[in-house]
Chemist: 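Let me begin by handing over the structure; questions about it come next.
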Amino acid sequence: MIREVTSEDLNELLELYLFLHEEGLPEDNEHLRNTWSQIINDPNHHIIVNVIDSKIVSSCVCVIIPNLTRGIRPYAFVENVVTHADYRGKGYATECLNYAKQIAIDNNCYKMMLLTGSKRESTLKFYENAGYNKNDKTAFIQWL
């Protein structure tokens with residue numbers, strides 16, 4: 001079942017992020033709770049989860065960014081695409097990305113973007129099969 005997160009999903013989502021690039025769970029403190037509250041209450045910040053047998057097995061984030069160009073149409077940025085290792089290859093992340101695409105369409109976005117640090121051909125092919133291309137833009141990152 002595809003849906004957006006609820007406030008009760010924080011711990012399970014953080015556990016899923018261990019399959020992304022996190023090395024451990026963050027400390028449960030005021031900063032974490034304030035950040036979570038900010039995300040949950042932001043109408044432009046969508047965390048999409050795929051739930052199988054009452055367990056969050058895949059997720060992605062879709063942020064709608066207001067914009068003054070392209071007919072004053074927003075764009076969407078997709079981040080933190082992840083699937084639990086035991087559930088990969090079953091289409092769960094694709095379902096999350098499709099849900100994100102529908103959110104972007106519903107918000108009149110003119111484009112969606114995502115970045116990946118992966119150089120693996122299977123990962124790049126996954127994103128291409130989901131409708132993204134690597135030819136239109138060049139991405140640059142500055143780590144802070």
Side-chain angles (χ1 to χ4, degrees), residues 1-67 70 73-144:
M1 172 180 74
I2 303 291
R3 63 173 174 79
E4 291 196 47
V5 292
T6 64
S7 58
E8 293 79 28
D9 291 325
L10 175 60
N11 292 332
E12 194 172 356
L13 183 65
L14 292 174
E15 288 179 18
L16 179 63
Y17 284 168
L18 294 174
F19 293 93
L20 187 60
H21 48 64
E22 298 302 303
E23 295 181 11
L25 296 174
E27 181 181 341
D28 187 354
N29 58 27
E30 184 178 356
H31 178 61
L32 173 65
R33 294 293 167 178
N34 287 341
T35 301
W36 181 240
S37 177
Q38 184 179 357
I39 289 169
I40 288 293
N41 292 308
D42 182 346
N44 287 323
H45 199 134
H46 304 269
I47 300 179
I48 300 149
V49 293
N50 201 332
V51 180
I52 304 298
D53 297 326
S54 302
K55 178 179 180 162
I56 295 175
V57 301
S58 190
S59 180
C60 73
V61 173
C62 177
V63 178
I64 306 301
I65 303 168
N67 181 43
R70 303 286 182 158
R73 292 176 64 195
Y75 57 94
F77 190 78
V78 174
E79 183 66 84
N80 295 339
V81 180
V82 61
T83 300
H84 187 291
D86 295 342
Y87 293 85
R88 290 182 181 156
K90 296 176 172 41
Y92 299 134
T94 299
E95 291 175 353
C96 288
L97 290 174
N98 289 339
Y99 194 99
K101 182 177 180 180
Q102 190 58 53
I103 289 171
I105 290 168
D106 292 347
N107 281 275
N108 196 31
C109 292
Y110 77 94
K111 71 177 176 181
M112 295 181 74
M113 298 184 298
L114 68 79
L115 301 172
T116 181
S118 177
K119 305 295 185 215
R120 291 184 12 222
E121 190 59 37
S122 61
T123 301
L124 301 179
K125 187 56 104 177
F126 164 73
Y127 289 123
E128 287 176 338
N129 288 339
Y132 295 87
N133 77 71
K134 57 186 175 185
N135 301 319
D136 289 347
K137 298 272 184 172
T138 301
F140 293 88
I141 302 287
Q142 184 178 80
W143 298 104
L144 305 175

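As the structure is a prediction and not an experimental result, all values here were calculated from the model.
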Chemist: Just jot down the salt bridge (charged side-chain N to carboxylate O under 4.0 Å, His left out) partners of Lys55, sequence neighbours excluded, or say none.
Modeler: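 Not a single residue meets the salt bridge (charged side-chain N to carboxylate O under 4.0 Å, His left out) criterion with Lys55.
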Chemist: With heavy-atom distances below 4.5 Å as the criterion, would you say the side chains of Thr83 and Phe19 are in contact?
Modeler: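 When only atoms from C-beta onward are counted, Phe19 and Thr83 do not touch, as no gap falls below 4.5 Å.
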Chemist: Is there any salt bridge (charged side-chain N to carboxylate O under 4.0 Å, His left out) pair reaching into residues 97-112, and which pairs are they, with sequence neighbours excluded?
Modeler: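 Passing the test, one end in residues 97-112: no pairs.
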Chemist: Can you pull out every side-chain hydrogen bond (donor to acceptor under 3.5 Å, both in side chains) where at least one residue sits in residues 135-144? Sequence neighbours excluded, please.
Modeler: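 Listed by first then second residue: Asn133-Asp136.
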Chemist: What residues form a side-chain contact (heavy atoms from CB on, under 4.5 Å) with Ala104, not counting sequence neighbours?
Modeler: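 Counting only residues at least two positions away or on another chain, Ala104 forms a side-chain contact (heavy atoms from CB on, under 4.5 Å) with Ala76, Cys109, Met112.
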Chemist: Please name all residues satisfying side-chain hydrogen bond (donor to acceptor under 3.5 Å, both in side chains) with Asn67, sequence neighbours left out, ordered by chain then number.
Modeler: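 Partners of Asn67 by the side-chain hydrogen bond (donor to acceptor under 3.5 Å, both in side chains) criterion, ordered by chain and then number, come out as Thr69.
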Chemist: Could you work out, with salt bridge (charged side-chain N to carboxylate O under 4.0 Å, His left out) as the rule, every residue matching Asp28, not counting sequence neighbours?
Modeler: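 Salt bridge (charged side-chain N to carboxylate O under 4.0 Å, His left out) list for Asp28, sorted by chain: Arg33.
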Chemist: When rounded to the nearest 0.5 angstrom, what is the spacing between CD1 in Ile56 and CD1 in Ile48?
Modeler: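 Between atom CD1 of Ile56 and atom CD1 of Ile48 there are 12.5 Å.
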Chemist: With a 4.5 Å cut-off on side-chain heavy atoms, are Ile39 and Val61 touching?
Modeler: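 Sidechains of Ile39 and Val61: no contact.
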Chemist: How many angstroms lie between atom CG of Leu124 and atom OG1 of Thr116, to the nearest 0.5 angstrom?
Modeler: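 If I round to the nearest 0.5 Å, the distance is 6.5 Å.
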Chemist: Taking only residues two or more places apart in sequence, or in another chain, which ones meet Asp42 in a side-chain hydrogen bond (donor to acceptor under 3.5 Å, both in side chains)?
Modeler: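 Not a single residue meets the side-chain hydrogen bond (donor to acceptor under 3.5 Å, both in side chains) criterion with Asp42.
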Chemist: Mind checking the CD1-CG spacing from Ile103 to Asn98? Nearest 0.5 Å is all I need.
Modeler: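 One gets 11.5 Å once the value is rounded to the nearest 0.5 Å.
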Chemist: Under the rule for ring-ring contact (aromatic ring centres under 6.0 Å, His included), what residues qualify as partners of His46, not counting sequence neighbours?
Modeler: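 Result, ring-ring contact (aromatic ring centres under 6.0 Å, His included) vs His46: none returned.
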Chemist: Could you note down all residue pairs passing ring pair (Phe, Tyr, Trp, His ring centres under 6.0 Å) where residues 85-141 supplies at least one of them, sequence neighbours left out?
Modeler: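 Pairs touching residues 85-141 that pass the test: His84-Tyr87.
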Chemist: How long is the span from the SG atom in Cys60 to the CD1 atom in Ile2, to the nearest 0.5 Å?
Modeler: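 The CD1 atom of Ile2 is 8.5 Å from SG of Cys60, to the nearest 0.5 Å.
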Chemist: Could you grab the distance from atom CG of Asp53 to atom CE of Met1, nearest 0.5 Å is fine?
Modeler: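 These two atoms lie 11.5 Å from each other.
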Chemist: With Lys119, which residues qualify under side-chain contact (heavy atoms from CB on, under 4.5 Å), at least two apart?
Modeler: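 Lys119: no side-chain contact (heavy atoms from CB on, under 4.5 Å) contacts found.
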Chemist: Could you check whether any side-chain heavy atom of Trp36 comes within less than 4.5 Å of a side-chain heavy atom of Leu14, counting everything from C-beta outward?
Modeler: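 Not in contact.
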Chemist: Testing the basics here: between Ser58 and Leu16, what is the closest heavy-atom pair and its distance to 0.1 Å?
Modeler: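 In this case the closest contact between Ser58 and Leu16 is C-CD2, 3.8 Å.
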Chemist: Any salt bridge (charged side-chain N to carboxylate O under 4.0 Å, His left out) involving residues 81-92? Give me the pairs, sequence neighbours left out, ordered by first then second residue.
Modeler: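 Residue pairs with at least one partner in residues 81-92: there are none.
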Chemist: For the residue pair Leu97 and Ala130, what are the closest heavy atoms and their distance?
Modeler: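 Looking at all heavy atoms of both residues, the shortest contact is CD1-CB, 3.9 Å.
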Chemist: Roughly how far apart are Asn80 CG and Leu114 CG, rounded to 0.5 Å?
Modeler: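 These two atoms lie 11.0 Å from each other.
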Chemist: Provide the full list of salt bridge (charged side-chain N to carboxylate O under 4.0 Å, His left out) pairs with a residue in residues 8-26, sequence neighbours left out, each pair given once.
Modeler: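 As it turns out, the salt bridge (charged side-chain N to carboxylate O under 4.0 Å, His left out) pairs with a partner in residues 8-26, which skip direct neighbours, are Arg3-Asp9.
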